[in-house]
Structures are given as C-alpha cells and as structure tokens.
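Down below is the structure, laid out as structure tokens.
The basis for the numbers below is simple: all heavy atoms, side chains too, and nothing from hydrogens, waters or symmetry mates. Numbers restart at 1 for each chain; the letters A, B, ... are given by sequence-line order, proteins then strands.
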Number of protein chains: 2
Amino acid sequence: MRISTRGEYGVRAMFDLAIHYGQGPISLKTIAERQLVSEHYLEQLMAALRRAGLVTSKRGAQGGYELADSPEQIRIGDIIRVLEGPITPLDCLDVSTKTGPYCGQPEQCVLRGLWKSLQDSMEQVLDNTTLEDLRQDAFRLKVAENR
Amino acid sequence: MRISTRGEYGVRAMFDLAIHYGQGPISLKTIAERQLVSEHYLEQLMAALRRAGLVTSKRGAQGGYELADSPEQIRIGDIIRVLEGPITPLDCLDVSTKTGPYCGQPEQCVLRGLWKSLQDSMEQVLDNTTLEDLRQDAFRLKVAENR
DNA sequence: TCAATTCCAACGACTTTACTCGGAATTGAT
DNA sequence: ATCAATTCCGAGTAAAGTCGTTGGAATTGA
C-alpha cells in the first residue's frame, strides 16, 4: 500500500515548482538541491511529467522546468497517475486493463465492492488536493513559524 | 498504490473462512480450490495469519484452518497489516519506523498533511469493514442472484 | 565560444513478488 | 498399527520492479 519514491519525489518537485510559480524556469539542479533528491533520477521523473503535459521545459543556460498550468489546475492525483500508474489497489479495478466485471468468479464481486471503496477514498483525497492547496499550507506554516 | 497478491489472496481466504465459519476446520486445499489460488503459496499466507493470531489451525487428517474470532471481530485492516505491513503510503508516516516529525526538512511537513490524509482515508475503509460485512454482502448477492 | 542546462539511452545492483519444491510432523479413520 | 490427509518448515528461483548511475548529445543565453 505504498507509493514509491517516483510518486513521492515527483510530488515534492511539483510542489517546489508551485511554490516558485511565475518566476521563470527552475533548473533540475535547484529542485534537486532544495528537495534533497538525486538530480539524474529526478530528470527521469520530470521527463515523464513533461511528456504528460504537466510541466514545460526550456533547454540551455537559464533553462529549467515550469508548471504547464497554474497550481490550482494541477491535482496531486494527476501527478501520481503519471508516475505510478492508475490509482487502484487492484489491477482488476482499472478500467483500462480489466478483463471483466467479475474477474472470473462471482464471489470476487463481493470483494470488488471493498476494493472499489478503497480506490474511491484514495482518489477522493488525491484528486481534491491541488498544488495550490499545498502552496497555501506551506504559506500558513511559514507564517506560523515566524510568530 | 497497489496491494500485492499476498493481501488480495489473504483477504479472499479469510472471506472464505468467514463464509464457512462454525463448520469446523477448512483445509488449505479446499480454500485454494474455491478461491483459485496456489495451495503452497496460500500456505505461507496462512502461516503468517496464524502467527498473528487471526486464525487457528488443526494438523492431520480432517485438519485445516478456522477464524480465531467471529467474523465481526476481524477487520480487513487487520488482515492487510499482517500480510502487507503497515497501511501507509509513505514509510515516514509509520510510527514504528519514523525518524522524526519533519523527516529532516520542514517543507516536507506540508506534504505530510497530504500523505496523512491519504493514510487516514485508507485506514478508515479497511478498518470499518469486517469479515461479517463481506459475509452479509455475499449473502445479499446470492439472494439477488436467485430472484 | 562556453558554461549551463535539458534530453536520451542504456546499464546495474538490489529488493520484492509470486511462486515452487521437498520433506518432516501430526492426526483422525480404518 | 497403518495410512492418507493435512499442517508445518526451510529453502530455492525466475521475473519484475525499484532506485538509481553513467555517459554523452543537443540546445541556449551570456
């Protein structure tokens, strides 16, 4: 029931881009240093996010990455799906790969309700949180810190 | 964000035991055949469930496994924790392994709120469903089937 | 021109997953 | 007493996934 470092680092990187949204492209090196993750590894994750259209990139000196959309338009679920695949506890629930409604056995249909509830509750959290929400959390935390 | 076959088969097996609760020990062979899973593999899972005290076993002819408690006393979360480990999207949220409240960086504390919400929503589903709930779902499904 | 940067493809060590295999110990039925 | 059914136990294993690293080509602003 874990997300891997792909999802974890990816969300961290996107969060970083959200915090610095509107300040021009941010280089991988900067993000990697601030978020304490391997630069080359993060590069792979950013490539996936770029291909998925969540970030734009600019090559060369002073290049880097930017959010392709404003932070309130990007849901955490969008990021996780790109980096971890469909959000589902069991493959058979994923519409793109499911073989049939009963997975072969009618009995499993009973359990299907359970797994579906689990999936729904996960998606509910992940799709109702945007980068803007996290940005505001960070802001509030900083204010509280300085008091 | 998946559970492995350990959790999936384990819940299937426990569900099977719940359906036949009170009918004496059920053999691995029977469960494996009904639930279409490998008998030897299931054996490992049952061993873990036995060591955790969720089932009792009886060796020898006419032996097998039984729920250690009535179906309404066994939560799906209990089963998953035994077979998959703590229910948490990130290790740093797990109290038994966490290194500190901020995982090193204060910024992560922002994301921590997100991951904690996700964890809570998963545990809420898994700990509020018991084997008895599934048993009743199965019963209702069967009634509907025969109409 | 050059340093900074993204882009790309491959490799590798390690862990996990999902089993299989072989056999010892136990037990109810005959 | 024997035997078949069954749990119990430890090891092995092939494939996939995780978490990176390595090396270099292409692009771009100063």
Side-chain angles (χ1 to χ4, degrees), chain A residues 1-13 17 24-68 80 82-86 89-92 97, chain B residues 1-13 17 24-68 80 82-86 89-92 97:
Chain A
M1 299 301 301
R2 312 287 156 83
I3 62 162
S4 69
T5 55
R6 287 177 63 86
E8 183 190 353
Y9 295 176
V11 170
R12 294 241 292 267
L17 291 183
I26 313 285
S27 76
L28 258 187
K29 194 181 173 191
T30 306
I31 303 172
E33 276 168 7
R34 278 201 292 243
Q35 301 297 325
L36 299 176
V37 302
S38 148
E39 189 178 337
H40 272 294
Y41 185 41
L42 191 54
E43 190 184 320
Q44 292 177 24
L45 310 184
M46 294 309 287
L49 293 168
R50 175 175 48 79
R51 283 190 293 265
L54 295 185
V55 299
T56 57
S57 61
K58 192 172 184 191
R59 300 177 74 163
Q62 270 66 48
Y65 294 89
E66 280 183 281
L67 295 185
I80 297 291
V82 168
L83 297 173
E84 305 261 343
L90 245 53
D91 276 335
C92 74
T97 59
Chain B
M1 299 304 299
R2 312 287 156 83
I3 62 161
S4 69
T5 56
R6 287 178 63 87
E8 184 191 352
Y9 295 176
V11 170
R12 294 239 293 267
L17 291 183
I26 313 284
S27 75
L28 258 187
K29 195 181 172 191
T30 306
I31 303 172
E33 275 169 9
R34 277 201 292 244
Q35 300 298 324
L36 300 176
V37 302
S38 150
E39 190 178 335
H40 272 296
Y41 185 42
L42 191 54
E43 191 184 318
Q44 294 176 21
L45 310 183
M46 294 310 288
L49 293 168
R50 175 175 48 79
R51 283 189 293 264
L54 294 184
V55 298
T56 57
S57 61
K58 192 172 184 192
R59 299 176 76 162
Q62 272 64 50
Y65 295 88
E66 281 183 280
L67 295 185
I80 298 290
V82 168
L83 298 172
E84 305 262 343
L90 245 53
D91 276 334
C92 74
T97 59

Q: Taking the side chain as every heavy atom from C-beta outward, state whether B/R59 and B/P25 have any atom pair closer than 4.5 Å.
A: no

(Q) By nearest atom, which of the nucleotides C/dC19, D/dC19, C/dT20 is closest to the B/T5 side chain? (A) C/dC19

Q) Can you give one letter per nucleotide of nucleotides 25-30 of chain D, going 5' to 3': B for a protein heavy atom under 4.0 Å from the base, S for sugar-phosphate only, - for none? A) -BBBSS

Q | A/G63 vs A/R51, nearer the 5' end of DNA chain C by closest nucleotide | A | A/G63

Q | Presence of B/S38 side-chain N/O under 4.0 Å of C/dT20 phosphate oxygens OP1/OP2 | A | yes

(Q) Distance check needed: D/dT18 P versus A/E8 CD, whole Å only. (A) 14 Å

Q) Does A/E84 use its side chain to pair, donor to acceptor, with the backbone of A/S4 at less than 3.5 Å? A) yes

(Q) Any heavy-atom pair between the side chains of A/Y41 and A/T5 that's under 4.5 Å? (A) yes

Q. A/I26 versus A/R34: any side-chain heavy-atom pair under 4.5 Å?
A. yes

Q) Which pair of heavy atoms, one from A/L45 and one from A/Y9, lies closest together, and at what distance? A) CD1-CB, 3.8 Å

Q: Counting heavy atoms from C-beta on, name the nucleotide in D/dT18, C/dA18, D/dG20 closest to the side chain of B/S4.
A: C/dA18

Q.
Check this one for me: any side-chain N or O of B/Y41 less than 4.0 Å away from OP1 or OP2 of C/dT17?
A. no

(Q) Counting C-beta onward and ignoring hydrogens, is there a side-chain heavy-atom pair between A/E33 and A/S27 closer than 4.5 Å? (A) no

Q: Treating a pair as Watson-Crick (purine N1 to pyrimidine N3 plus N6-O4 or O6-N4) or G-U wobble (N1-O2 and O6-N3) with both distances under 3.5 Å, list the stems of 3 or more consecutive pairs that involve DNA chain D.
A: C:1-30 with D:1-30

Q.
When you measure from the side-chain N and O atoms of B/Y65 to the phosphate of D/dC8, is any distance below 4.0 Å, counting only OP1 and OP2?
A. yes

Q: For C/dA4, take OP1 and OP2 only and decide whether either is under 4.0 Å from a side-chain N or O of A/S27.
A: no

Q: Scan residues 43-50 of chain B against DNA chain C and write down, sorted by residue number, each residue with any heavy atom closer than 4.0 Å; if none is found, say none.
A: B/Q44

